[in-house]
Amino acid sequence: MTYIPKIAGGLLTDKIVFHGPLSELYRLAGKGAIPTHLQGSHTRPCKFWTATKILSGIRNSVVLTHGPSGCAYGIKQAYKLTNCRNSGAVYEPVLSTNLDQNQIIYGGEDELKAAIREVSEKYAPKVIFVATSCASGIIGDNVDGIIRDMRGRVEAEIMPVHCEGFSGEYRSGFDLVFRDLVKLMHPPTEEEKSRLARSVNIVGAKMGPERTEIDTDLKELVRLVEAMGASINAVIAGNCSLEQLHRAPSVAVNCALCLDIGYAVGTAMRDAFGTPLNSTILPYGIAATESWLRGAATHLGLEAEAEALMQQEYAAIYADYEEVRPHLVGKTAIIEGHDAIKSLAIAHMLDKDFGMRAIIYNFHPWSTEARETSIDYMLEAGLDPEILITKGTLALGRYESMQQTEDELLQFLGGLNPMETVYFGSSLSFPKIPLVDLNAILNRPRFGYRGALKVAQCIKTALDYAFRPRSTLAKRIVFPKDGGLASAASMTPKQAQNLPDCTLYAGGRRRGQCMMS
Amino acid sequence: MYDELKFYQCNHSQDPLVGCALEGVATVLAGIEDVSILIHSPQGCSSTVALGYDNQEIDFTRRKSACTRLFETDIIMGATDKLKNLIVEADSTFASKVMFVVGTCAADIIGEDIEAVCRTMQPQVGARLIPVFAGGFRGNAYDGMDLGLEALLAVMKEPEKRDARSVNLIAPQASLNPTWRADLLWVRRVLTRMGIEVRAVLTRDTSLHELRHASSASVNLLLSHDVGYDMAKRMEERFAIPLLLADIPLPIGLINSARWLTALGSHFGAESAAQEIITEGETMVTDVLRRRGLMIIPRYRNCRITLSADATIGIGLVRMLFAELEMIPECILLRSGRPEARDLLAAELTELNLAAKVAFDVDGHQMRSTLAQQDPHAVLGSAWEQYMAEEVGIQIGFDLLTPTNRDTYVDRPYMGYEGMLNMLEVMANDFERAQRSKRIAWENYTS
């Protein structure tokens, strides 16, 4: 069943599945009136991949995957090699019990026991995470029993992580590990709480250390926290140590880096230890940044310092920001919805800070379940952005008709002036309107006051150079004349992340969703 | 013979440097034109299939793959209907001539009868359905490539006639040259000069027509020492096609290139063409090095080097490093360990009178611990070896192999004469970069 509350200019009705406010999409998805499943072409990383992405952010730990070697190899190549290449990390192993056909038939429990011993002796890690895979999950190895048995026999702490790829949607791996990590934490003591009364954890990070050469969003948050007079105990799980995790519950407040993912660990710590949680939407823009800072300051007892910092930060960007902002007010923004959290946060920023109208384009209905926390936050904050979903989003991915997407988008926009409209999405998209690609490496940081200025300047630059046609070369790279077909299932996560939605979903000649967000 | 390294605490836990069987299968299937790959699996395995496409460098506009996205209920109740529905949907969307229906760990273990599904569904779809069992537990990516190659036998016809001067090239993708396509091109060029036709490449841009008629080639040539021996054997049994040149290293370096070309020319009665290629190639390499690379002689002479590679590139490199560059490959770490490759390496080392330490099927721990213990002047391998080298204090890391940190836009062979220069160029740049100052020494300028 499709639902079209309103249509701009009555165009493209046959291609639109939904156009209306987020709250309405949420309601329809909740009662099953709009399909929320992902197509076979729209695969995302499985629960195993997302779980191990978080585990990869813990120092002096070893991930021992109980399964065939390919699962370990995949995450090592995707996460650990990236950490080495970009972030100055040393070579980090990902171990595997390397189950073969015999063990699939007769069980791999002995193999796991022996592997735990070997790993402990070879690497002397502080903690061993035993991550289950599809294979070990299906054959029913008693991983918990083995770990119980092995505790105390090796130096390292051991923790089972039940993340079989089939056992949940991709998001469930993040939540699972963040909840499990709480088991490694020590209950707060008065002494520790007193020592960490001016400390925060930033929660919701993943994978490992930050890039050494880039002003990342996380670095910007750390800078702001420290400028306020507080310190960081741990970035969970962005290269945090076991010791930092142990004492994490004693900090003054957990601040969520990403509302949706940080929320899982934040609420688990709040429930287990009473650690306060400061959870807002991603701090894109001044309004969201101020909410984030004030939320932290309240628990730190640094309200006055936070207000002073906000004034100081605003003063630092004031002249440039106020020069740019008038050029943005009243403009419309079409935001690619493939990264649900980011698209909601950008919509929040555009509305609150820049006075722009935001339309989120091809926000997959699947995201209404996966991103429930963020949606609730948006709605509670009184923000209910327009959502536009086209048929291609719900079809098996095709490539061949993607070149029509931009024209159709403009058709949909009806009477809107293309020069007054900005597209937030991948540079690999070619809408005939100014485009802002916030994922481009030079556009960092995006958080905080500096980030707000950076985003505003990006929009202004896109508008200023709207006269320049997009590069024929660039367009031909993405849209070859004899282009065939493509789907997210055929992409490695990195590729899928960089490609525009239409590349993946263009079955109904529309954009859709990439793999990893 | 060689001195095989022994490792402790490595019998039950592995830090793998090679993917699983599914990746290998996908790497073979992705090299065939106009086919689609449908995997019956949880969604994460799609990333592994994507690696197969990446290995073949099939651009994103030409990939046809879909996944049944199995979840818990499917594992418990079975998901045959889900698979059938996706076959129909993918057939209408992709319109490919052949669809490989690939079962991964989950489907394989719960016993999804993919063969029966393909049989049942065949009348309802346009594509020919070919089932492939590719559970990751069936082996590593090299084993998977063998499984993928074996699946191709289903497409091959019985030969109607034998083409006396034609070859099949098997497993060019089983190579750690990041742009192995260029090696394949070099081989094709020299074959053309010798008047030998390529019947089929298994696989790279291979048409179904070529695949069907691969059985009419007169010989098979392996372009890998890691993969393809089983396929060659099966083709010999079924189609009486012999495997040629399996007992000499692939054409890496001047001497090996000459050996390989000479043997090839001799088999096909093209000795003079082979000699012409050798003479031209050797002249070109020596002329270039005389003008631009004279310093490689003092630079590399008696440099103690650890070589970490696949058997395909690694076995050939031993002679090039030792006999041509006057380096000392004290330690050789290979990522696979086929008996044929072991024998070939042993023969090479014996002939060179080189007593190297050797390990097969190495994992990350073995690689790192060996580097730390051996403390060589340099290590030749991939980006991984470079990181390890930096960590354990080895100053020079030659980043030649996959995965590499170098961006290469123009394909570069490692085989043959230009191939040798390509490798020497990377080595020269990495060597010089390792020795140069990384920053301005401001402390020298303070008063």
Side-chain angles (χ1 to χ4, degrees), chain A residues 38 40-41 43-46 48-49 64 67-74 76-77 81 84-85 90-91 93-101 103-104 111 114-115 118-119 121-122 133-135 138-139 165-167 170 396 398-399 480 483-487 489-493 495 499 503 507, chain B residues 9-23 42-51 53-54 59-72 74-75 86 89-90 93-94 104-106 109-110 135-141 364-365 368 383-384 387-388 391 403 405:
Chain A
L38 281 183
S41 52
T43 55
R44 297 193 139 218
C46 65
F48 177 88
W49 275 68
L64 170 59
S69 62
C71 304
Y73 174 77
K76 189 168 87 169
Q77 196 182 44
L81 191 60
C84 289
R85 185 176 55 234
V90 295
Y91 174 84
V94 177
L95 277 293
S96 169
T97 51
N98 196 17
L99 294 184
D100 62 16
Q101 297 196 59
Q103 286 136 7
I104 294 296
E111 208 60 28
E118 281 187 359
V119 167
E121 291 185 25
K122 272 193 291 195
S133 66
C134 291
I138 296 171
I139 64 174
F166 60 79
S167 64
Y170 100 112
L396 194 72
R398 289 172 64 95
Y399 170 84
L485 307 161
S487 66
S490 65
M491 304 287 170
T492 38
Q495 279 184 313
L499 281 170
T503 319
Chain B
Q9 308 293 358
C10 292
N11 293 329
H12 307 280
S13 56
Q14 190 189 53
D15 176 24
L17 297 172
V18 179
C20 69
L22 175 62
E23 183 188 325
Q43 58 186 343
C45 299
S46 291
S47 292
T48 307
V49 172
L51 287 175
Y53 280 113
D54 289 352
D59 80 53
F60 64 85
T61 70
R62 297 183 183 282
R63 299 179 179 199
K64 302 175 183 179
S65 82
C67 171
T68 48
R69 302 182 75 238
L70 299 179
F71 286 104
E72 207 143 15
D74 304 315
I75 299 297
L86 189 60
E89 195 179 5
T93 303
F94 296 144
T104 68
C105 287
I109 297 171
I110 64 172
F137 58 82
R138 289 177 184 266
N140 66 19
H365 171 74
R368 191 190 169 284
W384 275 330
Y387 300 133
M388 291 180 195
E391 188 185 339
N405 270 344

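Proteins come first, then strands; the chains are lettered A, B, ... in the order of their sequence lines, and each starts at number 1.
The two atoms that bring A:Tyr91 and B:Gly364 nearest to each other are OH-CA, 3.4 Å, heavy atoms only. When all heavy atoms of B:Trp384 and A:Lys76 are compared, the closest pair comes out as CZ2-CE, 3.9 Å. The shortest non-hydrogen separation linking B:Ser47 to A:Trp49 is CB-CZ2, 4.0 Å.
Residue B:Asp74 does not touch chain A at all, counting heavy-atom pairs closer than 4.5 Å. Residue A:Ile138 touches chain B through its side chain alone, counting heavy-atom pairs closer than 4.5 Å. Heavy-atom distances place both the backbone and the side chain of A:Gln101 under 4.5 Å from chain B. At a 4.5 Å heavy-atom cutoff, B:Leu22 makes no contact with chain A through either its backbone or its side chain.
Shown here are the side chain to side chain contact (heavy atoms under 4.5 Å, CB included) partners of B:Gln14, two or more places apart in sequence or in another chain: A:Ser69, A:Asn98, B:Pro16, B:Asp363. Under the ring-ring contact (aromatic ring centres under 6.0 Å, His included) criterion, B:His365 pairs with A:Tyr123, not counting sequence neighbours.
Going from atom SG of B:Cys45 over to atom CZ of A:Phe48 covers 10.5 Å, rounded to the nearest 0.5 Å. Separating the CD1 atom in B:Ile75 from the SG atom in A:Cys134 is a distance of 6.5 Å, to the nearest 0.5 Å. Put simply, NE2 on B:His12 and CD on A:Gln103 are 9.5 Å apart, with the number rounded to the nearest 0.5 Å.
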**Asked** Yes or no on side-chain contact (heavy atoms from CB on, under 4.5 Å) for A:Lys122 and B:Asp15, after CA distance, side-chain angles and deciding distance?
**Response** CA-CA 11 Å; A:Lys122 272 193 291 195; B:Asp15 176 24; over 6 Å; no

**Message:** Assess the residue pair A:Tyr73 and B:Thr48 against the criterion (side-chain contact (heavy atoms from CB on, under 4.5 Å)); give the C-alpha distance rounded to whole Å, side-chain angles, the decisive distance to 0.1 Å, and a yes or no.
**Reply:** CA-CA 10 Å; A:Tyr73 174 77; B:Thr48 307; over 6 Å; no

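With hydrogens and angles ignored, the 3.5 Å screen pairs a side-chain donor or acceptor of A:Glu118 with a backbone N or O of B:Asn11.
For chain B, the option among A:Ile139, A:Asp100, A:Val119, A:Leu81 with the highest count of heavy-atom pairs below 4.5 Å is A:Leu81. If you tally non-hydrogen atom pairs under 4.5 Å between each of A:Leu99, A:Leu64, A:Thr97, A:Ile104 and chain B, the highest count goes to A:Ile104. Among A:Ser96, A:Gly165, A:Ala114, the residue with the largest count of heavy-atom pairs under 4.5 Å with chain B is A:Ser96. Of the listed residues (B:Leu17, B:Thr104, B:Leu70, B:Ile110), the greatest number of heavy-atom pairs within a distance under 4.5 Å of chain A belongs to B:Leu17.
Within the 4.5 Å cutoff, the side chain of A:Ser133 has no heavy atoms near those of the B:Cys105 side chain.
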